[in-house]
Amino acid sequence: MVDLKGLSAAELLLLHAQMGDALRVRGIVRTGNNPVGDLAEVLFCRAFGWRQSGNSNRSIDAISDDGSRIQIKGRRITRHNASRQLSAIRDLGGGHFDLLAAVLFSEDYTVQRAALVPRETVAARAKYVAHTNSHKFLLHDDVWSVVGVQDVTEALRQVRL
C-alpha cells in the first residue's frame, strides 16, 4: 500500500489523473469521469460476453448475444455515503432497455452485490424525480428477492481485470 499522507493536494490530483490514464490504457475506463460506471460496464460485459455500446448510445450500455438491450449502473458504498441510489434513469417509460445490470461496490471497488433486474421491476420500484426529469432506483437488499431478478454477484467477482 502506498502512503499518501505526505503528498500535497497538487501531487494527489496529478496521481489521480495518471491513474485515470493508466486505467484507460488498460481498457477499464472509457471516460475521465468517476470510474464506478465504467468499471461496472467492463465487469458486466466481461462476465457475460456482452458487446459494449458507444458512449453516446441512449440508455443502452451493452447488447447481449440474444439482442437484449442492457443499461448498466454501479454505486460505490463508502463510510461517508451508504446510499444505494443508482444514477438517474432517463425516459424509463420509453422502454429503451430490457434489463438493468446493477452492482454495488465496496469502498475499495470490490463487488459487494450485483443483480440483473428486468425493466418491468425497475419501472415498478423506481420513483420519478421532476426536477431531473428522471427516475431514481435504489438497489436495496430486497431487490434480490423479487421474482425475475438474478443474483450475479459471483459472476462479477470472478472477472479478473
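This structure is a prediction, so every number in the text was calculated from the model and none was measured. Each residue takes its place number in the sequence, starting with 1. Computation of the quantities below employed the complete heavy-atom set of this structure, encompassing side-chain atoms and omitting hydrogens, waters and symmetry-equivalent molecules.
- With a 4.5 Å cut-off on side-chain heavy atoms, Val117 and Gln150 do not count as touching.
- We find the CD-CG distance between Glu107 and Asn81 to be 10.5 Å, quoted to the nearest 0.5 Å.
- Grouping the Ile, Leu, Val, Met, Phe, Trp and Tyr side chains by contacts below 4.5 angstrom, directly or via other members, places Ile28 with Val159.
- Under a hydrophobic clustering in which Ile, Leu, Val, Met, Phe, Trp and Tyr are joined whenever their side-chain heavy atoms come within less than 4.5 Å, directly or via other members, Ile70 and Val152 fall into the same cluster.
- Counting all heavy atoms, side chain and backbone alike, Phe44 lies closest to Ala115 at CZ-O, 4.1 Å.
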side-chain contact (heavy atoms from CB on, under 4.5 Å) evaluation trace for Leu14 with Leu7 = CA-CA 10 Å; Leu14 175 61; Leu7 297 179; over 6 Å; no
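- The CD atom of Gln71 sits 5.5 Å away from the CD1 atom of Ile89 when rounded to the nearest 0.5 Å.
- A distance of 10.0 Å separates CZ of Phe97 from CG of Asp91, quoted to the nearest 0.5 Å.
- Contact of the Val122 side chain with the Glu120 side chain is not registered, since no non-hydrogen atoms from C-beta on lie closer than 4.5 Å.
- Between Arg119 and Asp98, no side-chain nitrogen of the basic residue sits less than 4.0 Å from a carboxylate oxygen of the acidic one, so the salt-bridge criterion is not met.
- Closest of all the heavy-atom pairs between Ala126 and His135 is CB-CB, 3.9 Å.
- Residue Val103 is grouped with residue Val42 when hydrophobic side chains (ILVMFWY) are merged at heavy-atom distances under 4.5 angstrom, including chains of intermediate members.
- Here the side chain of Trp144 pairs a donor or acceptor atom with the backbone of Ala114 at under 3.5 angstrom.
- A distance of 14.5 Å separates CZ of Arg30 from CG of Leu23, quoted to the nearest 0.5 Å.
- For Ser106 and Asp108, the side-chain atoms include no donor-acceptor pair closer than 3.5 Å.
- For the pair Leu116 and Ala101, the tightest heavy-atom approach, listed with the atom from each and the gap, is CD2-CB, 3.7 Å.
- Tyr109 places a side-chain heavy atom less than 4.5 Å from the side chain of Leu39.
- Panel note: side chain Arg157, backbone Val111; a donor-acceptor pair is recorded below 3.5 Å.
- Within the 4.5 Å cutoff, the side chain of Arg113 has heavy atoms near those of the Asp151 side chain.
- Shown here is Asp142, whose CG atom has more than 12 heavy atoms of other residues, nucleotides or ligands within 6.0 Å.
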Step by step, work out the salt bridge (Lys or Arg N to Asp or Glu O under 4.0 Å) result for Asp141 and Arg84.
-> CA-CA 10 Å; Asp141 285 334; Arg84 290 174 167 225; 2.9 Å; yes
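- Contact annotation: the side chain of Asp65 never approaches that of Phe48 to less than 4.5 Å [non-hydrogen atoms, C-beta and beyond].
- Taking 4.0 Å as the cut-off between side-chain N and carboxylate O, Lys73 and Asp61 do not count as a salt-bridged pair.
- The backbone N or O of His96 sits less than 3.5 Å from a side-chain atom of Arg69, completing a donor-acceptor pair.
- Between Val146 and Arg125 the shortest heavy-atom distance is CG2-NH1, 3.6 Å.
- Judged by the 6.0 Å distance and 45° axis criteria, Arg75 is not positioned over the aromatic ring of Phe105.
- Of all heavy-atom pairs spanning Ala47 and Leu156, the tightest one is CB-CD1, 4.1 Å.
- In this structure, Ser134 OG and Tyr128 OH are separated by 7.5 Å, a value rounded to the nearest 0.5 Å.
- Here the CG atom belonging to Leu138 is positioned 9.5 Å from the NZ atom belonging to Lys127, to the nearest 0.5 angstrom.
- Transitive grouping of hydrophobic side chains (ILVMFWY, heavy atoms separated by less than 4.5 Å) brings Leu92 and Val149 into a common cluster.
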Using the side-chain contact (heavy atoms from CB on, under 4.5 Å) rule, take Arg24 and Asp38 through it: C-alpha gap first, then chi angles, then the decisive distance, then the call.
-> CA-CA 10 Å; Arg24 187 175 297 109; Asp38 286 343; over 6 Å; no
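- Linking ILVMFWY residues whenever their side-chain heavy atoms come closer than 4.5 Å, directly or via other members, leaves Ile63 and Leu99 in distinct clusters.
- A pairwise comparison of heavy atoms in Ala62 and Ser53 identifies N-OG, 3.5 Å as the closest pair.
- In this structure, the side chain of Glu11 engages the main chain of Ser8 through a donor-acceptor pair within 3.5 Å.
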